[in-house]
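Structure record follows, encoded as structure tokens.
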Protein chains: 4
Amino acid sequence: MVEVGGVAGDHLRQYIERIERLEEEKAGIASDIREVFAEAKGNGFDTKIMRQLIKLRGMEESDRQEQEYLLDLYKRALGIDFEPDE
Amino acid sequence: MVEVGGVAGDHLRQYIERIERLEEEKAGIASDIREVFAEAKGNGFDTKIMRQLIKLRGMEESDRQEQEYLLDLYKRALGIDFEPDE
Amino acid sequence: MVEVGGVAGDHLRQYIERIERLEEEKAGIASDIREVFAEAKGNGFDTKIMRQLIKLRGMEESDRQEQEYLLDLYKRALGIDFEPDE
Amino acid sequence: MVEVGGVAGDHLRQYIERIERLEEEKAGIASDIREVFAEAKGNGFDTKIMRQLIKLRGMEESDRQEQEYLLDLYKRALGIDFEPDE
DNA sequence: CTGCCATTTTACCGGC
DNA sequence: GCCGGTAAAATGGCAG
């Protein structure tokens, strides 16, 4: 890419403007997501837990199992039990 | 949030699904952005510089204002009560 | 706080310098922590799991239970099971 | 990491405990910093402005260099192959 | 595959 | 004491 102010420059500008437009859209959607969380929070839901849930749902089952397995393994290695009701 | 399987559960599900849909859209746009970068790269543009250009353009306003704000605070801290209008 | 360049200014400077010194120390320790993680990683440990473990250990038992309870509740509200071995 | 309760477990425990000790130190210093801010506030200083001052001082070098780097990239992007030394 | 960078998440602080 | 916004940490994704 050598030309500036010429054809290549125009192309560069077009790429950049397309990207900027897309990023605006992306930011708008991120804003929508924040709004939904805010609304849920306003109705008494715990957004932190909601985020955990969404992450779990999005996770491949195998990944989730692998992670649980490792965490359990490490707990054992440390001799921790973390009984739910103790 | 107390009901399970009842009204609250429905609301929760709706929030989660709305968010997941929005996140899909967002991921789609992120993918579009990547494609534009890839195309630009294929035409000989340096994507790293493009990213910096975009970042710079995005900062020009918001960040410059932040800088001015900081400088203003700084001046106030150095010149408190020296200005007539305080 | 009205004087600048006088007694109050000196005090301000001293406070700021004390804080900056403390923040340097803090940054140094943060760096040490990163090093330990890096070493552990080099010996085959999964640092993400380690972080989870450390967080669990540092958590109040009551908080941990509350969080687990809520996550379980929300899962039920969505009708998710997440059986460990299915 | 395969051994549990064996050598690997001991290593894990040692890493975790080292990190926890370091994090305690870090938390202690953070607490010191809070105290200094509190004392300054008690003597009539505005902690928000103090924080901005500290941030500004910290940015002066690193961030200014970043700005210069960005501007340099920018100029290169606008003037590629116009400079003799490229 | 490793390091880097952007995004996301968490923790903190000040105001109401 | 909560809530909002703001800074730090951590996770994930991408380029090289």
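Excluded from the calculations below are hydrogen atoms, water molecules and symmetry mates; all remaining heavy atoms, backbone and side chain alike, are included. Reminder, nothing fancy here: chain letters follow the sequence lines and each chain counts from 1. Quantities reported herein were computed from a predicted structural model and do not represent experimental measurements.
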Expected list for residues 17-32 of chain A: side-chain donor-acceptor pairs under 3.5 angstrom, two or more places apart:
residue	atom	partner	partner atom	Å
A:Glu20	OE1	B:Arg57	NH2	2.9
A:Glu20	OE2	B:Arg57	NE	2.7

Seminar exercise, completed: Regarding the side chain of D:Gln52, the nearest nucleotide among F:dA7, E:dT7, E:dT8 is F:dA7

Exercise. If you take all heavy atoms of B:Arg13 and C:Gly79, which pair is closest and at what distance?
Worked result: NH2-N, 4.2 Å

For this session: Can you see which heavy atom on A:Ala77 is nearest to which on D:Gly9, and at what distance?
Result: CB-CA, 3.9 Å

Please give, in whole Å, the distance from [N] [atom2] to [X] [atom1]?
X	N	atom1	atom2	value
A:Asp63	F:dG13	CG	C1'	15 Å
D:Ile33	F:dA7	CD1	P	15 Å
B:Asp32	F:dC14	CG	P	13 Å
A:Met59	F:dG12	CE	C1'	11 Å
C:Glu23	F:dA7	CD	C1'	11 Å
A:Leu56	E:dT9	CG	P	13 Å
C:Met50	F:dT11	CE	C1'	16 Å
C:Ile54	F:dT11	CD1	P	11 Å

Problem set entry | Validation row: C:Ile49, A:Leu73 side chains within 4.5 angstrom (heavy atoms) | no

Problem set entry | Non-hydrogen side-chain atoms of A:His11 and B:Asn43 separated by less than 4.5 Å | no

Exercise. Salt-bridged, A:Glu68 to A:Arg64, with N to O below 4.0 Å?
Worked result: yes

Problem set entry | Angle by which the axis turns from one end of the helix from E:dC1-F:dG16 to E:dC16-F:dG1 to the other, five pairs per end, to 10 degrees | 10°

Exercise. With a 4.0 Å cut-off on heavy atoms, is C:Lys26 in touch with a base, just the backbone sugar-phosphate, or nothing at all?
Worked result: nothing

Exercise. Listed by chain and number, what are the side chain to side chain contact (heavy atoms under 4.5 Å, CB included) partners of A:Lys48, not counting sequence neighbours?
Worked result: A:Asp46, A:Gln52, C:Gln67

Exercise. With sequence neighbours left out, what residues match D:Phe37 under ring pair (Phe, Tyr, Trp, His ring centres under 6.0 Å)?
Worked result: none

Problem set entry | Nucleotide-resolved protein contact map, nucleotides 11-16 of chain E, B/S/- at heavy-atom distance under 4.0 Å | --SS--

For this session: Identify, with sequence neighbours excluded, every residue that meets side chain to side chain donor-acceptor pair (under 3.5 Å) alongside D:Glu39.
Result: C:Tyr15

